[in-house]
2 protein chains.
Amino acid sequence: MANRKKKPTLDRRSNCPVACVLDLVGDKWTLLVVRDLALGVTHFEEFLDSPEKIATNILSDRLKRLQAAGYITKETEPADKRKSIYTFTERGKELKTLMGLLARWGLKNIPNTSAEHPEL
Amino acid sequence: MANRKKKPTLDRRSNCPVACVLDLVGDKWTLLVVRDLALGVTHFEEFLDSPEKIATNILSDRLKRLQAAGYITKETEPADKRKSIYTFTERGKELKTLMGLLARWGLKNIPNTSAEHPEL
DNA sequence: CGGCTTTCATTGCATTTTGCAAGGTATCAT
DNA sequence: ATGATACCTTGCAAAATGCAATGAAAGCCG
C-alpha cells in the first residue's frame with residue numbers, strides 16, 4: 001500500500017466551504033428538489049407538478065445524486081411497488097435549513113418573490 | 001404604446017424565492033466570484049489566482065451578469081487605464097451575506113472543508 | 001389470463017453551457 | 001519602438017440541459 005494517500009474526497013475543486021457547497025447544490029435544480037421534499041413531496045410524479053417544470057431526466061439524475069451523497073433515501077412503497085418514496089436522511093434534513101436560508105434571502109433581496117409556503 | 005405590459009421581469013421560472021435565487025446564483029461559479037470580491041479582490045487577474053481556477057471567459061461572463069443585475073460596478077482605475085476595478089454596489093453587499101450563509105453551512109455540514117478566511 | 005393504466009426511468013437528439021487554449025486590443029514600462 | 005501587462009474574445013471539443021418519445025415493471029379490471 002504505497003501510494004494510498006487516504007482518499008481525500010477528490011474531484012473537489014478546493015476545500016473552500018463555498019466551493020464545496022456549490023459542488024453539491026450549485027445548479028438550477030437540486031435545491032428545488034430539496035424544496036419540494038421539504039414541502040412533503042415524496043413521489044416522482046409530484047416533483048413534476050411544481051411550477052418550474054423540471055424534466056424527468058434531470059429529476060431522475062438529481063434524486064440519484066442526492067441519494068448517492070447520502071442526503072435522501074429511496075424506498076419502495078409496500079402497498080404499491082410501482083411507487084418510490086423519497087425522504088431525507090438525518091443528514092439530509094440539514095439541506096432544508098440551507099434551502100430555508102436561500103429562501104429567506106430571496107424574499108428579502110429579490111423583488112416580487114413570494115413565499116407560497118411561509119413555513120419554510 | 002398598446003402592448004407594453006410593464007416588463008414583469010420575465011424569464012423567471014417562477015416567483016418562488018428559492019427559484020429566483022437559483023436563477024441568479026445557481027451555478028458553480030457566481031458565488032465564488034462573490035467570495036473573492038468579499039475577500040477584497042478587485043482585478044480580473046486576481047480572480048484567476050483562486051484555487052478553483054475559473055476560466056477567463058466564464059469569469060468575464062459572470063462579472064458582466066453581476067454588473068447587469070446591478071450587484072457590482074466596473075470602473076477603470078485612473079492610475080492605470082488597463083485595469084478595471086470591480087466592486088459591490090450597496091445592493092451587491094447583500095450577496096456577501098448570502099455567500100456567508102453558504103460558507104457557514106458548508107463548514108458545518110461538509111466534511112473536510114476549511115475556512116481560509118474566517119472573517120467571512 | 002389479457003389488455004390498459006400508472007409510475008419511474010432511459011434514450012435520442014437539438015440546444016446551451018462549460019472548459020481550455022489561442023489570439024487580440026489597449027495600455028504601460030523602458 | 002519594443003516588449004510586457006490587463007482584460008477580453010474567439011474557436012472548438014466536451015458536458016449539461018431541455019424535450020419528446022419510448023421502455024419496463026407493477027397494478028387494475030374485465
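Residue numbering restarts at 1 for every chain, and letters A, B, ... go by the order of the sequence lines.
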**Student:** So, does A/H43 use its side chain to make a donor-acceptor pair with the main chain of A/S84 at under 3.5 Å?
**Tutor:** yes
**Student:** Between A/D36 and A/S50, which heavy-atom pair has the shortest distance, and what is it?
**Tutor:** OD2-OG, 2.7 Å
**Student:** Quickly work out the A/L59 CG to C/dT7 P distance and round it to whole Å.
**Tutor:** 14 Å
**Student:** What is the distance, rounded to the nearest whole Å, between atom CG of B/N57 and atom C1' of C/dG23?
**Tutor:** 13 Å
**Student:** Of all residues at least two apart in sequence or in a different chain, which pass the salt bridge (Lys or Arg N to Asp or Glu O under 4.0 Å) check with B/D61?
**Tutor:** B/R65
**Student:** Side-chain contact, heavy-atom cut-off 4.5 Å: A/E52 with B/V18?
**Tutor:** no
**Student:** Students often get this wrong, so: under 4.0 angstrom with heavy atoms, is B/Y86 touching a base, only sugar-phosphate, or nothing?
**Tutor:** sugar-phosphate
**Student:** Below 4.5 Å, heavy atoms only, C-beta onward: do B/L102 and A/L98 meet side chain to side chain?
**Tutor:** yes
**Student:** Could you go through nucleotides 1-5 of chain C and list every protein N or O atom that sits under 3.5 Å from one of its N or O atoms, giving the distance for each pair?
**Tutor:**
none

**Student:** Pick the closest DNA chain D nucleotide for A/K81 and for B/R13 by heavy atoms, then say which residue is nearer the 5' end.
**Tutor:** B/R13
**Student:** Same hydrophobic cluster for A/L37 and A/L48, using side-chain heavy-atom links shorter than 4.5 Å among ILVMFWY?
**Tutor:** yes
**Student:** Can you name the residues that form a side-chain hydrogen bond (donor to acceptor under 3.5 Å, both in side chains) with A/D27, not counting sequence neighbours?
**Tutor:** A/T30, A/R62
**Student:** What I want to find out is whether B/E90 reaches B/K93 closely enough, with some N-O distance under 4.0 Å, to be called a salt bridge.
**Tutor:** yes
**Student:** Please confirm whether the shortest side-chain N or O distance from B/W29 to OP1 or OP2 of C/dT17 is below 4.0 Å.
**Tutor:** no
**Student:** Could you tell me how far apart A/D80 (CG) and C/dT6 (P) are, to the nearest whole angstrom?
**Tutor:** 12 Å
**Student:** Hey, is the main chain of A/P51 close enough, under 3.5 Å, to the side chain of B/S14 for a donor-acceptor pair?
**Tutor:** no
**Student:** Check every nucleotide of DNA chain D for an atom under 4.0 Å from a heavy-atom of chain B, then give the first and the last such nucleotide from 5' to 3'.
**Tutor:** D/dT5 to D/dG11
**Student:** For A/K74, which residues count as a salt bridge (Lys or Arg N to Asp or Glu O under 4.0 Å) partner, sequence neighbours excluded?
**Tutor:** none
**Student:** May I have the distance from A/E46 (atom CD) to C/dC8 (atom P), rounded to whole angstrom?
**Tutor:** 8 Å
**Student:** Roughly, in whole Å, what's the span from NZ in B/K28 to C1' in C/dT16?
**Tutor:** 16 Å
**Student:** Under 4.0 Å, heavy atom to any atom of DNA chain C: which of residues 60-78 of chain A qualify?
**Tutor:** A/S60, A/K64, A/K74
**Student:** Provide, to the nearest angstrom, the distance between the CD1 atom belonging to B/I54 and the C1' atom belonging to C/dT18.
**Tutor:** 11 Å
**Student:** If every non-hydrogen atom of A/L22 is compared with every non-hydrogen atom of B/K28, which pair is closest and at what distance?
**Tutor:** O-NZ, 3.1 Å
**Student:** Rounded to whole Å, how long is the line connecting atom CZ of B/F44 with atom P of C/dT25?
**Tutor:** 17 Å
**Student:** Base, sugar-phosphate, or nothing for A/S84, non-hydrogen atoms under 4.0 angstrom?
**Tutor:** sugar-phosphate
